[in-house]
Amino acid sequence: MRDPYSILGVRRNAAPDEIKAAWRAVAKAVHPDQNRDDPLATARFAEAGRAYEVLKNPKLRSRYDDARREAELRRMEEMHRKTREPEQPIGDVDPETAEEMVSRIFGSETKPRKAEPAATSTTPPRPKPTVKPEVKSEPKAEAKPETAADARPEPAPEAKTDTTERPIPFAIFPRSAAPAAELVSAIVRRIRGTASKAIEKVPDIACEVTVSVEDLFNRAKATATLPDGQTLKVALPAGTTDGSIIRMKELGYRLNGMLRGDIVVTVRVRQDSTLRTDGLDLRTTLSIDIQNAVLGCETKVMTLTGPVDVAVPAWSGSDKIIRLAGHGLADADGRRADLLVELRLMLWETPDERITDLMRSRQQGLFL
């Protein structure tokens, strides 16, 4: 089965309620009754059910997380072991990098090889013209003992030199053992046209951190959970908002012979409070009744620094937005954005007969 977190589209530290809601959404989307033309709908629905069975059970979920964490550690240890293994030279030849080997395979190697001239110089061209001369039968019979006499003493040393001077059976083998990853990366760089011998970098670690609007305003340190279960404190710089990416240099995995990777943190802001983010701007909702919407009023709204006064113009509907400058989040230069107040027209809790009569009169075309 694939990763149950990926199947349901939830984070690895998701709460049970979030997992349950995600399973309902996925099950509804892939249900066979909703996808009658898709032959794989039943399999995807069953896969989502198995994923939910694993994640809703705390014991099964813990066992899966432990097994995945152990597999990740074993993989990293194997990569670390391979990088620490010493290179074994093949034959008494000069070292050759993966780039040189790829260049030779693609036909762009310009350096002459030593083994090829030695092999061609020891091959005598004399026996070939003497074996097939275009003459009569009498000279041909005389030529046979001459070629046999000339060729007998020479083939033996030629065969010996040919076998001793050829250290490896295939010309494309590297002259020094290189890891397969280096060879593959060299081929990719050759195809992309960027054949450079720069040091490779370990892949980055990606994770998410969820914060509140108040955390962004106070620039507090948030706690991020890495894929292996470890936690990390992340500082929220000025200008951070929902979807911002924070790169923590050289704090990722470390392998010998490679540059240390980074930790890439994606910031997610909870939108369940009275203040919601819209970039660096903040949004809030102000409820007013019909009387204040028609006549206008003075009221207060809550901001990050406390309540402030706001003037509602007369005849304001639910599509009215009042902008309060300087009450949003701060950018990288310290300048604060705005607070957008969205009006919401509300009725009184108990019906008002006078308002009801007025609306009925207007509906019937009567005016008081």
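Side-chain atoms are counted along with the backbone in the values below, which use heavy atoms only and exclude waters and symmetry mates. Here the structure is a predicted model, which means the values were calculated and not measured. Position 1 is the first residue of the sequence, and the numbers go up from there.
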Original post:
Hey, what else clusters with Leu40 if you join Ile, Leu, Val, Met, Phe, Trp, Tyr whenever side-chain heavy atoms sit under 4.5 Å?
Top reply: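 So far as hydrophobic clustering goes, Leu40 is joined with none.
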
**OP:** Kindly give the cluster partners of Ile321, where membership spreads through any ILVMFWY side chain lying under 4.5 Å from a current member.
**Re:**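 Listed partners: Leu340.
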
Original post:
So, are Asp357 and Arg360 salt-bridged, with charged N and O less than 4.0 Å apart?
Top reply: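 Counted as a salt bridge, because a side-chain N and a carboxylate O are separated by less than 4.0 Å.
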
Subject >> Salt bridge flag under 4.0 Å for residues Asp228 and Arg68 >> reply: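 So Asp228 does not pair with Arg68 through a salt bridge.
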
Do other residues, nucleotides or ligands put more than 12 heavy atoms under 6.0 Å from [X] [atom1]?
X	atom1	value
Arg354	CZ	no
Arg270	CZ	yes
Arg268	CZ	yes

Original post:
Taking side chain as C-beta onward, heavy atoms only, is Met346 less than 4.5 Å from Asp289?
Top reply: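 No, their side chains stay 4.5 Å or more apart.
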
Subject >> Flag side-chain contact, heavy atom, 4.5 Å: Thr223 against Val209 >> reply: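 Contact flag for Thr223/Val209 side chains = no.
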
Could you go through residues 22-32 and list every donor-acceptor pair under 3.5 Å that involves a side-chain atom there, pairing it with any protein atom two or more places apart or in another chain?
from: His31; atom 1: ND1; to: Asp33; atom 2: N; distance (Å): 3.0

Original post:
Taking only residues at least two apart or on different chains, which pairs with a member in residues 327-342 satisfy salt bridge (charged side-chain N to carboxylate O under 4.0 Å, His left out)?
Top reply: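 Passing the test, one end in residues 327-342: Arg276-Glu342, Arg283-Glu342, Arg323-Asp338, Asp331-Arg335, Asp333-Arg335.
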
Original post:
Do any pairs count as a salt bridge (charged side-chain N to carboxylate O under 4.0 Å, His left out) and have a residue in residues 308-317, sequence neighbours left out, and if so which ones?
Top reply: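 Found Lys300-Asp309.
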
Original post:
Between Asp65 and Ser62, is there a donor-acceptor pair closer than 3.5 Å when you use the side chain of the first and the backbone of the second?
Top reply: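 No, Asp65 side chain to Ser62 backbone: no donor-acceptor pair under 3.5 Å.
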
Original post:
Do Val234 and Met248 pass the side chain to side chain contact (heavy atoms under 4.5 Å, CB included) test, and can you show the C-alpha distance, the side-chain angles, and the key distance before you say yes or no?
Top reply: CA-CA 9 Å; Val234 181; Met248 309 182 73; 4.1 Å; yes

Original post:
Can you list the residues that meet the side-chain contact (heavy atoms from CB on, under 4.5 Å) rule with Val294, with sequence neighbours excluded?
Top reply: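 If we apply the side-chain contact (heavy atoms from CB on, under 4.5 Å) test to Val294, skipping adjacent residues, the hits are Ile290, Trp315.
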
